[in-house]
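Chain naming here is simple, since letters A, B, ... match the order of the sequence lines and numbering starts at 1 in each.
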Protein chains: 2
Amino acid sequence: MNDEIKVAIIEDDNEIRQLMTLIIDSSPGFSCGQSFSSCESAMDDLQSSPPHVVLMDIDLPGMSGIEGVKCLKEKLLETDCLMLTVQDDDESIFNSICVGATGYLLKDTPPTEILKAIEEVHKGGSPMTASIARRIVSSFNTQKESPLSVREQEILRHLCDGENYKIIAEKLHISGHTVRSHFKNIYKKLHVSTRAEAVKKAINDKLI
Amino acid sequence: MNDEIKVAIIEDDNEIRQLMTLIIDSSPGFSCGQSFSSCESAMDDLQSSPPHVVLMDIDLPGMSGIEGVKCLKEKLLETDCLMLTVQDDDESIFNSICVGATGYLLKDTPPTEILKAIEEVHKGGSPMTASIARRIVSSFNTQKESPLSVREQEILRHLCDGENYKIIAEKLHISGHTVRSHFKNIYKKLHVSTRAEAVKKAINDKLI
DNA sequence: AGGACAATCGCCCGTGTGCGGTATTTTTAA
DNA sequence: TTAAAAATACCGCACACGGGCGATTGTCCT
């Protein structure tokens, strides 16, 4: 059987693309059968012969690498996309992983590290640089103290479940009037005026 | 000056705790000045003498490691918390990073890897095992096609902003009745019956 | 040619909701 | 200890909302 990891590369810089192709092909366990200078030119080929891993640049002529990943993942669920780019802004990073990229490397990564990353992504990991990992992890950290009291947060949780005054009142063993009062205070504190806005704010600010 | 990384460990298993303390202390560049068998017993000490990195178990007597991280980060913003645990369920992982953990290792990680992780977390990274990295990255991936039509998604976005029928109708140049029809269809497709639930579902399922 | 679905518009009905107040008790903080 | 905030409770009003049911015009797929 063939254990080689089939890699494809999409990169508009001829030098880099050819160099990476060479490095991959000359490394045991890897083969780079497909290389393209744009997403548009890659789509058909990749779909008819899916690689295991796609190395994707972001700044490309025509369709961006991020759009490219999005298109690709709609067709090839099994193929892992590993971004390899100079862009290290939050927007590029988060957009990439949101559309389905499973790893994110910067172009200053040494070739041996890139090969290791290809292997890792193929084994089910998500290789990325240390600072990018930190930024992703930090995006989960929501250690902001809520402006709401404990009771109000409790009410808010029920509010988010779409329960009406009566139901909430019954569940919390208080009167509907009280629930309404809490709602008013919550609205004031969150600077909103409807349930929908309150839910949105609650979820986005991770108050629940 | 002293470049040593000051490490603290909170771990209820005496053997593991002593072993890790020994390993850390005997490694150049590291020192383990503080070790505790519970979060409660650690808090005062850690606050009066903050370490650079805390190795935190999750399954502890009394306060869990996750609660421990939460408490700790409220006081010590600068201290990095690195989870070291047997728990590899999604809930433990995501709760940990949500309360402020910056790394997540499993207990079968070899000691040399743990030391490397301590170093990495101290340098601003977020070390974790490959499969955990993948799970975190995957949680961003929202490549599910919406059951809603384009128009309905547009309506939904306005719905999430808490706009009422009239406002939405005006903005989209359609009648309020039409907006209501769309609402009904959206509710049916999302299996909800109120705006609040619709907003919640929309955000959680990243339909907007 | 026919079915499925999207987008548009319409009506009735009951009630949940938001907004304006006021007020008491308990808990927390200064 | 005293003031502030939180939690509790109540009233009335206008209308926005959700449920039910129906209709017309397109498009798309088969």
Task: salt bridge (charged side-chain N to carboxylate O under 4.0 Å, His left out) assessment of Glu11(B) paired with Lys107(B) - done: CA-CA 11 Å; Glu11(B) 161 67 61; Lys107(B) 279 200 177 151; 2.9 Å; yes
Open item on the list: Glu154(A) vs Arg157(A), test: salt bridge (charged side-chain N to carboxylate O under 4.0 Å, His left out). Steps then yes/no.
Closed with: CA-CA 5 Å; Glu154(A) 193 178 1; Arg157(A) 273 188 290 274; 5.5 Å; no
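Between Gln153(B) atom CD and dA6(C) atom P the separation is 11 Å, expressed in whole Å. The distance between atom CD1 of Ile155(B) and atom C1' of dT8(C), rounded to the nearest whole Å, is 11 Å. Taking atom CZ on Phe183(B) and atom P on dC21(D), their separation rounds to 21 Å, with Å as the unit. Computed from coordinates, the His173(B) NE2 to dA7(C) P distance equals 17 Å when rounded to whole Å. Remark: P of dC21(D) and CG of Asn185(B) are 15 Å apart, rounded to the nearest angstrom. Atom pair Glu154(B):CD and dA6(C):P shows a separation of 15 Å (rounding to whole Å applied). For His182(B) and dA6(C), the NE2 to P distance is 11 Å, given to the nearest whole Å. As rounded to whole Å, 12 Å separates atom C1' of dA16(D) from atom CD1 of Ile167(B).
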Anything under 3.5 Å between a protein N or O and an N or O of nucleotides 23-26 of chain C, put it in a table, one pair a line.
none

Between protein and nucleotides 11-17 of chain C, what N or O pairs are separated by less than 3.5 Å?
residue: dT17(C); atom: OP1; partner: Arg195(A); partner atom: NH1; Å: 3.0
residue: dT17(C); atom: OP2; partner: Tyr165(A); partner atom: N; Å: 3.2

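A salt bridge does not link Asp57(A) with Arg17(A): none of the charged nitrogens is closer than 4.0 Å to a carboxylate oxygen. By the 4.0 Å N-to-carboxylate-O rule, Arg134(A) lies close enough to Asp80(B) to be salt-bridged with it.
Contact annotation: Ser175(A) side-chain N/O to dC10(D) OP1/OP2 distance is under 4.0 Å. Contact annotation: Lys189(A) side-chain N/O to dA5(D) OP1/OP2 distance is not under 4.0 Å. For dT8(D), the OP1/OP2 oxygens have no side-chain nitrogen or oxygen of Thr178(A) closer than 4.0 Å.
Note: Tyr165(A) and Phe183(A) have perpendicular aromatic rings, judged against thresholds of 30 and 60 degrees for the angle between ring planes. Using bins of under 30°, 30° to 60° and over 60° for the plane-to-plane angle, the ring pair Phe140(B)/Phe140(A) lands in the perpendicular bin.
The 12-atom threshold is not exceeded at CG of Asp44(A), counting heavy atoms of other residues, nucleotides or ligands nearer than 6.0 Å. For Lys171(B), the NZ atom is loosely surrounded, since the number of other residues' heavy atoms within 6.0 Å does not exceed 12.
Of the residues Ile136(A), Val99(A), Asp89(A), the one that meets the side chain to side chain contact (heavy atoms under 4.5 Å, CB included) test with Phe94(A) is Ile136(A).
Contact annotation for Lys188(A): no contact, since no heavy-atom pair falls under 4.0 Å across all strands.
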